[in-house]
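Atom set for the values below is all heavy atoms of this structure, side chains included, hydrogens, waters and symmetry mates excluded. If you're wondering where the values come from, they're calculated on a predicted model, not measured in any experiment.
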Number of protein chains: 2
Amino acid sequence: MKLFAVPDLPEFESGDSIPDLVAERVDLRPDDVVCVASTVVSKVEDRVADLSSFPAGPRAREVAARLERATGEKKDPRFAQAVLEESTDLLMEAPFLLTETRFGHVTVNAGIDRSNVPGGDLLLLPRRPDESAARIEAGVDADRVIVTDTCGRPFRHGQRGVAIGWAGTPAARDWRGERDRDGRELGVTVQAVVDELAAAANLVAGEGDGGTPAVVVRDFDFGDHDGSDALFRDVEGDFVRQALRGWSFDDG
Amino acid sequence: MKLFAVPDLPEFESGDSIPDLVAERVDLRPDDVVCVASTVVSKVEDRVADLSSFPAGPRAREVAARLERATGEKKDPRFAQAVLEESTDLLMEAPFLLTETRFGHVTVNAGIDRSNVPGGDLLLLPRRPDESAARIEAGVDADRVIVTDTCGRPFRHGQRGVAIGWAGTPAARDWRGERDRDGRELGVTVQAVVDELAAAANLVAGEGDGGTPAVVVRDFDFGDHDGSDALFRDVEGDFVRQALRGWSFDDG
């Protein structure tokens, strides 16, 4: 398996064609996996926004005030408003906002980026990353596309790449019922392949002025296995999420 | 960046030399990263055990009884005893045992494998995976070694590869203070590189009778960045872990 960055990509702007910009730079093969950072998907899909377009309502003002108490830092209620509008659930209110995005991804601040936004204050995540991935996939010679994000996680420090949308591939590889070389049934059953591909791509993508938002994974063999597209857990089976409902940050 | 499985590895046994078995099959280069599955590290380090060597004490009997009520399945209190002995904290008691291993990794059942154990009932995780990685690194021409595991996570279905021990590389790449091509400070600060390498390796390793426990990552460039070895969060900054303390599974 090989990974390489798509070279010399320009800064992406609203309306740019990601398939064209990639195809001009790489001879893609059908079994390539093209991994595209959500930031550039958002830029071409015009998901740049200004704080002024999110006038804060009562709930956002409450959330921002709670965050100020918890962190001792000034918080803009318009940013809280943007997070609430982009979210379908709020898992933690302090000391940061842990949210469910409209498409089921659990991440801080609904994945809104404030640090890397030409032409605006905020970069929102794509509305429907699966649809974004499908549109890119329809325009390139590669049959598999993943829209990636980076986010933190419980228990372990640091961010790692994850998939938020995918097309042409199942999200996971299901080993259930298969056996090891001694005939014992396998312990690991479902492998989150798109997340592992996103993590691998993130190693090559880098960040900052040397960073590149599109990475090709070549010669990844999914193999002859069942696939599954359920990547985001139901609340019913997510005990961590249930536990967070009964928990509240102690302001001290 | 390229990844390839070390070909034709035999079944590993107690006392085998992982460095020798790898070096006989691959011409390693200094900047290669060798990723080795914890299962084979455990086998060569004689971490196979029988349930009979874990006579259940009062706490294990309590834990097993609670699991039986929660799941409706028969549970062996000796297995609970093994999990407790291998753990330094119990984050969830039902409907499964979520534990902190002695080296800080949070995983189910202290990572004890019951499904793939020739010569015993249980395969325990390596006692000190960092030391295991350092021993392997000292015996191969590659300068970087990662001991990998697979485990599930909150919010998302499926297992993915993670690092539990590493040598010759920092755990994470720190982008703090660096800037993007437009001079804006970077949003992502700490990238859990060893976890991303473990995830990438897991894509190539596979499972079952076609699985291979050692994968080489070639031409991964850490770059000129600060590094950090703090991979496992302190409880103080881990709000999910704090939330789990106040939560209890409802037996219904």
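With A/Asp195 as the fixed residue, the side chain to side chain donor-acceptor pair (under 3.5 Å) test singles out one of B/Arg156, B/Gln159, B/Arg160: B/Arg156.
Scored by the ring pair (Phe, Tyr, Trp, His ring centres under 6.0 Å) test, B/Phe232 finds no partners at all (sequence neighbours excluded).
For B/Ala230, the parts lying under 4.5 angstrom from a heavy atom of chain A are both the backbone and the side chain. With a 4.5 Å cut-off on non-hydrogen atoms, B/Phe220 touches chain A through its side chain but not through its backbone. Both the backbone and the side chain of B/Gln242 come within less than 4.5 Å of a heavy atom in chain A. Of the atoms belonging to B/Asp234, it is backbone heavy atoms, and not side-chain ones, that fall under 4.5 Å from chain A. At a 4.5 Å heavy-atom cutoff, the contact between B/Leu197 and chain A is made by backbone and side-chain atoms alike. Using a 4.5 Å cut-off between heavy atoms, B/Phe222 makes no contact with chain A at all. Interface remark: B/Arg153 contributes backbone and side-chain atoms alike to the contact with chain A (heavy atom separation under 4.5 Å).
Between B/Phe239 and A/Phe249, the ring planes are perpendicular. Angles over 60° get that label, and only those under 30° would be called parallel.
Heavy-atom pairs under 4.5 Å with chain A peak, among B/Asp238, B/Val106, B/Leu203, B/Leu231, at B/Leu203. Counting heavy-atom pairs closer than 4.5 Å to chain A, the top residue among B/Ala243, B/Ala192, B/Ala200, B/Ala198 is B/Ala243. Ranking A/Ala172, A/Ala201, A/Pro154, A/Gly246 against chain B, the residue ahead of the rest is A/Pro154, based on heavy-atom pairs under 4.5 Å. By number of non-hydrogen pairs under 4.5 angstrom with chain A, the leading residue of B/Val235, B/Asp221, B/Val162 is B/Val162.
Here the CZ-NE2 distance, from A/Phe155 to B/His105, works out to 10.5 Å after rounding to the nearest 0.5 Å. Annotation: the span from A/Asp174 atom CG to B/His157 atom NE2 amounts to 11.5 Å, rounded to 0.5 Å.
The main-chain N or O of A/Gly161 is found under 3.5 Å from a side-chain atom of B/Glu196 such that the two form a donor-acceptor pair.
Using a 4.5 Å heavy-atom cutoff, the side chains of A/Gln191 and B/Thr150 are not in contact.
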